[in-house]
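Note on naming: letters A, B, ... go to the chains in the order of the sequence lines (proteins, then strands), and numbering restarts at 1 for each one.
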Protein chains: 2
Amino acid sequence: MRADAEKNHRHLLAVASEVVAERGADMSLRDVARRAGVGLGTLYRHFPTREALLDALLRDGFEELAAYGAELEGSVPPEEALTSWLRRCVAGAREYRGITTLMMAAIEDPGSALHASCVTMRAAGTRLLSSAQAAGVASSDIDGTDLFALIAALAWLNDQPSTSSRADHLFDVLASAILTKRASNNPSPSPFADDHSPKSVA
Amino acid sequence: MRADAEKNHRHLLAVASEVVAERGADMSLRDVARRAGVGLGTLYRHFPTREALLDALLRDGFEELAAYGAELEGSVPPEEALTSWLRRCVAGAREYRGITTLMMAAIEDPGSALHASCVTMRAAGTRLLSSAQAAGVASSDIDGTDLFALIAALAWLNDQPSTSSRADHLFDVLASAILTKRASNNPSPSPFADDHSPKSVA
DNA sequence: ACCTGAACACCGTTCAAGT
DNA sequence: ACCTGAACACCGTTCAAGT
């Protein structure tokens, strides 16, 4: 019946969430099925790949992250907006150990179930970065893809037990590379005041 | 006989080197034994852990890296010395995909066969960093452990197919975070001209 | 429609048995 | 001394068989 399938789906997600929290994104899928009291094939039916399962767990978080970015953009100066958003990205990744390698693979593999989420996140970061660059508070020689990579690198560092205690400090170091207030190459506050990106929402 | 064992040892290393080049540091140990035409137990006898095998492959490279650091220190200004050394570290890591996670674990696990090599490398980096800091060309709020982590992060980024093409660019971004010429906190060229580290070699 | 679990082809690691 | 490979306990993935 359809109701059974839906119940399985929800239960699998709940169990997977626990297992990922305990073991990280490279958890045993067998273990998830086992703990959910469900056949292995049922897990594969609902989530044909590991990425599909993780995306189901992460999608909401990615969208919240994008929304948070849009909110910051309308309420706070560009430098603070970018910094706060980065901080939240890294904090979010901390909940899902081992996700970064998967994300780096997914962002350029349109076939991956995580692709869309990664693209959403990169787009949100790119907007904040552009604003900060236009305001002259972010280095102009990095782009959204670089930013995505730097966030991933930072999240990866946080996954490593030997550096997780220095997470805040390494964040500052990396952030300083992004938020380079460049000396005096741009004289006045941006000669082209209007860009072409729609400023919808708020 | 002893001669047989030595031959096996060398052959295993040669084969392992090939397999690591093809598959990365997470290669199948079974595959190494198979390709070497040797029983699985023989591989484990010679190299009781994956780390032991990798250390045997990497040890020379680490020592060369340390020697290169010492050489640079005696022949080139501090900023250039640190940059060149970092470049070589990252280039070296490129030959051994997937090694960075293992190294991050090994540096704080004295029981790991890779521990000594990691400590050697960190020490070499620390010396170069200190010189650069004393000369006022490197940020004073990072230490050797941070440097080690940043090198690992950069090497990890290079392992990711989606960023390997931007390796040089990301190197520059990270390097700029390390080599921050701090404004004017240190007025004159270093009040303490002599430090206590021995300037041996040349 | 949906679920199950055996089956297949892999791992890492250990250890009795051979030479 | 040294080597071998079966044995054990795991994987991911697929798919015939059941309801």
Side-chain angles (χ1 to χ4, degrees), chain A residues 1-57 96-99 101-102 105-106 109 111-114, chain B residues 1-57 96-99 101-102 105-106 109 111-114:
Chain A
M1 285 129 179
R2 184 82 136 294
D4 276 25
E6 209 172 304
K7 188 183 165 193
N8 275 338
H9 193 92
R10 266 196 297 269
H11 191 219
L12 277 168
L13 277 178
V15 170
S17 177
E18 273 177 33
V19 180
V20 170
E22 282 175 29
R23 312 279 179 192
D26 57 343
M27 76 287 187
S28 157
L29 297 180
R30 256 189 156 85
D31 195 30
V32 172
R34 209 155 33 210
R35 290 209 216 177
V38 123
L40 243 172
T42 302
L43 173 59
Y44 275 91
R45 161 177 286 270
H46 286 276
F47 307 103
T49 63
R50 170 183 240 96
E51 283 77 16
L53 176 54
L54 289 168
D55 186 57
L57 291 174
Y96 294 90
R97 263 176 310 151
I99 197 72
T101 307
L102 255 19
D109 173 15
S112 166
L114 277 168
Chain B
M1 288 133 182
R2 186 87 136 294
D4 276 27
E6 210 174 304
K7 190 182 161 190
N8 273 339
H9 194 92
R10 267 196 296 270
H11 190 218
L12 277 168
L13 278 177
V15 170
S17 177
E18 273 177 35
V19 179
V20 170
E22 283 175 28
R23 312 280 179 191
D26 57 341
M27 77 286 184
S28 158
L29 296 181
R30 258 190 153 83
D31 196 29
V32 173
R34 209 154 36 209
R35 290 210 216 178
V38 123
L40 240 174
T42 301
L43 173 60
Y44 274 91
R45 162 177 283 271
H46 287 276
F47 307 102
T49 64
R50 178 186 299 275
E51 283 77 16
L53 177 54
L54 289 168
D55 186 56
L57 291 174
Y96 294 90
R97 264 177 307 148
I99 198 68
T101 307
L102 256 16
D109 172 16
S112 166
L114 276 168

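When every heavy atom of A106(B) is checked against every heavy atom of S112(B), the shortest pair comes out as CB-OG, 3.4 Å. A pairwise comparison of heavy atoms in Y96(A) and L57(A) identifies OH-O, 3.8 Å as the closest pair.
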Got a list of side-chain donor-acceptor pairs under 3.5 Å for residues 10-19 of chain A, not counting sequence neighbours?
unit_1: R10(A); atom_1: NH1; unit_2: E6(A); atom_2: OE2; d: 3.4
unit_1: H11(A); atom_1: ND1; unit_2: A36(A); atom_2: O; d: 3.4

List the atom pairs, with distances to 0.1 Å, where a side-chain N or O of residues 42-49 of chain B and a protein N or O form a donor-acceptor pair under 3.5 Å, not counting sequence neighbours.
unit_1: H46(B); atom_1: ND1; unit_2: H9(B); atom_2: ND1; d: 3.1
unit_1: T49(B); atom_1: OG1; unit_2: E51(B); atom_2: N; d: 3.4
unit_1: T49(B); atom_1: OG1; unit_2: A52(B); atom_2: N; d: 3.0

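If you measure from atom CG of L102(A) to atom P of dG12(D), you get 13 Å, rounded to the nearest angstrom. Rounding to whole angstrom units, CD of residue E6(A) and P of dA1(C) are separated by 16 Å. One interatomic measurement links the two molecules: CG of L43(A) to P of dC11(D), which rounds to 13 Å at whole-angstrom precision. For R45(B) and dA17(C), the CZ to P distance is 17 Å, given to the nearest whole Å. Summarising the geometry, the separation between CG on D31(B) and C1' on dA9(C) is reported as 14 Å, rounded to the nearest angstrom. One can place CD of E51(B) at 12 Å from C1' of dG12(C), the figure rounded to the nearest angstrom. One atom, NE2 of H11(B), and another, P of dC2(D), lie 19 Å apart when rounded to the nearest Å.
Residues that satisfy the salt bridge (Lys or Arg N to Asp or Glu O under 4.0 Å) test with D31(A), not counting sequence neighbours, are R34(A), R35(A). Residues passing the side chain to side chain donor-acceptor pair (under 3.5 Å) test with D55(B) are R59(B), S117(B), sequence neighbours excluded. With sequence neighbours excluded, the residues forming a side chain to side chain contact (heavy atoms under 4.5 Å, CB included) with R50(B) are M27(B), L29(B), L54(B), L102(B), listed by chain and number.
Distance alone, capped at 3.5 Å, is enough to place a donor-acceptor pair between the R97(B) side chain and the A21(B) backbone.
Listed nucleotides dT4(C), dT4(D), dC2(C) differ in distance to A5(A); the shortest reach to its side chain belongs to dC2(C). The nucleotide whose nearest atom lies closest to any side-chain atom of R34(B) is, among dT4(C), dC3(D), dC11(C), dC11(C).
Across all strands shown, H46(A) has heavy atoms under 4.0 Å from sugar-phosphate atoms exclusively, and none from any base.
Sorted by first and then second residue, the ring pair (Phe, Tyr, Trp, His ring centres under 6.0 Å) pairs involving residues 13-37 of chain A (not counting sequence neighbours) form an empty list.
Distances shorter than 4.0 Å separate none of the side-chain N or O atoms of N8(B) from OP1 or OP2 on dC2(D).
Rounding to the nearest 0.5 angstrom, the gap separating the OG1 atom in T101(A) from the CG atom in D26(A) is 9.0 Å.
Within residues 18-28 of chain B, the residues that place at least one heavy atom under 4.0 Å from DNA chain C are, in residue-number order, M27(B), S28(B).
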Please list, for nucleotides 13-16 of chain D, all pairs of protein and nucleotide N/O atoms separated by less than 3.5 Å.
unit_1: dT13(D); atom_1: OP2; unit_2: Y44(A); atom_2: OH; d: 3.0

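Both key distances under 3.5 Å define a Watson-Crick or G-U pair, and stretches of 3 or more such consecutive pairs in DNA chain C run C:4-8 with D:12-16, C:12-16 with D:4-8.
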